[in-house]
Amino acid sequence: MQLLYETVQEIQRQQPDARLEAFQLDLASYKSIEKFGTSLKQWIQETSSEPAVQLLINNAGILAKSHRVTGDGLDEMIQTNYIGPFILTSILLPLLKSSSVPSRVVNLTSFTHRCVSGIDVSEDALRGMKFGPRSVGESYSLASTYEYTKLCILMFSYELHRQLHMSSTVSVIAADPGVVETKIMRELPKCLSWFAFLVLRLLNLLQEPDTGVGSVLDAALAPPEESGKYFFGGNGRTIRSSRLSYDTEVAKKLWAESWAVFKDLQLREGDFGNG
């Protein structure tokens with residue numbers, strides 16, 4: 001919250017007439033996401049703002065070194081990187097659709113999605129049951145799980161685009177910043193993350209955050225007809241993602257199974273208002 005507060009202060013300094021509010025939510029908690037949705041709608045009403053959202057950027061993500069189960073019973077990395085954004089987007093979709101100007105969803109993915117050659121989109125897989133250690137002493141496959149989440153959110157982006165582009169003014173774009181020096185590897189041993197960044201820097205592949213944000217800004221500011229594309233590395237560049245990411249049948253199944261997880265969490269919390 002301290003970083004959010006500092007960011008609000010900086011924006012306010014540059015744009016004194018801006019109306020700003022910082023909200024905190026945990027993507028690894030359905031209850032937190034649902035509470036955020038309610039708080040946002042209340043803030044919109046209290047400030048007499050247009051009851052709409054014009055831009056949603058699903059940026060948050062983690063690289064967990066161990067299999068941790070959330071209070072919702074899901075693998076923490078899968079819920080933070082994919083299921084959480086899926087639920088947040090679904091909850092905010094009515095506000096995105098009600099915008100008086102074309103609105104936009106930007107989902108951050110990663111080139112590592114190309115490492116996935118086959119994908120299981122069953123409800124068990126989405127809950128993380130197939131990624132945790134299966135025996136005592138077996139390590140958590142953190143790389144495979146991370147790559148899985150980034151392919152899931154990419155396929156979700158394409159499927160949401162297909163569902164919306166003919167019937168609404170909501171566009172959906174995937175953004176891949178490439179390799180950026182962030183705190184994504186903070187859970188790994190310091191010597192390992194330091195060495196990884198050193199090698200990437202020597203190969204001239206590592207970007208500072210101010211540069212790495214380029215693809216996200218490109219995706220956020222692109223014209224609506226760019227919906228369904230994959231922005232990579234800044235400078236307005238778009239490329240093709242992996243062949244698997246364009247499999248529409250798998251994407252439809254992923255959507256259905258993700259929705260099943262969402263509805264189950266709603267039922268658990270007794271929340272029937274976002275059906």
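Everything numeric here is computed off the predicted structure, so don't read it as measured data. Along the sequence shown, residues are numbered consecutively beginning with 1. Excluded from the calculations below are hydrogen atoms, water molecules and symmetry mates; all remaining heavy atoms, backbone and side chain alike, are included.
Apart from Ile11 itself, the hydrophobic cluster it occupies contains Val8, Leu20, where clustering links Ile, Leu, Val, Met, Phe, Trp and Tyr at side-chain heavy-atom distances under 4.5 Å. Within the hydrophobic cluster formed by Ile, Leu, Val, Met, Phe, Trp and Tyr side chains joined at under 4.5 Å, directly or through other members, Leu221 stands alone, with no partner residue.
The structure places CD1 of Ile173 at 14.0 Å from OG1 of Thr109, a figure rounded to the nearest 0.5 Å.
The one candidate from Leu92, Leu265, Leu27 that meets the side chain to side chain contact (heavy atoms under 4.5 Å, CB included) condition with Ile33 is Leu27. Ser157 pairs in a side-chain hydrogen bond (donor to acceptor under 3.5 Å, both in side chains) with only one of the listed residues (Asn58, Thr89, Asn107), which is Asn107.
Pairs engaging residues 45-66 under the ring pair (Phe, Tyr, Trp, His ring centres under 6.0 Å) rule: none recorded [sequence neighbours left out]. A side chain to side chain donor-acceptor pair (under 3.5 Å) check over residues 116-125, counting only residues at least two apart or in different chains, returns the pairs Asp120-Ser122, Asp120-Lys130, Glu123-Arg127. Among pairs with a residue in residues 226-246, those fulfilling ring pair (Phe, Tyr, Trp, His ring centres under 6.0 Å) read His113-Tyr230, Tyr158-Tyr246, at least two apart in sequence or across chains.
Salt-bridge check for Lys229 with Glu226: passed, with a basic side-chain N closer than 4.0 Å to an acidic carboxylate O. A salt bridge links Glu159 with Arg162: the closest approach of a Lys/Arg side-chain nitrogen to an acidic carboxylate oxygen falls below 4.0 angstrom.
With sequence neighbours left out, Asp218 forms a side chain to side chain donor-acceptor pair (under 3.5 Å) with no residue at all.
No hydrogens or angles considered: nothing links the side chains of Gln54 and Ser103 as a donor-acceptor pair under 3.5 Å.
The closest donor-acceptor contact from the side chain of Thr38 to the backbone of Glu34 lies under 3.5 Å.
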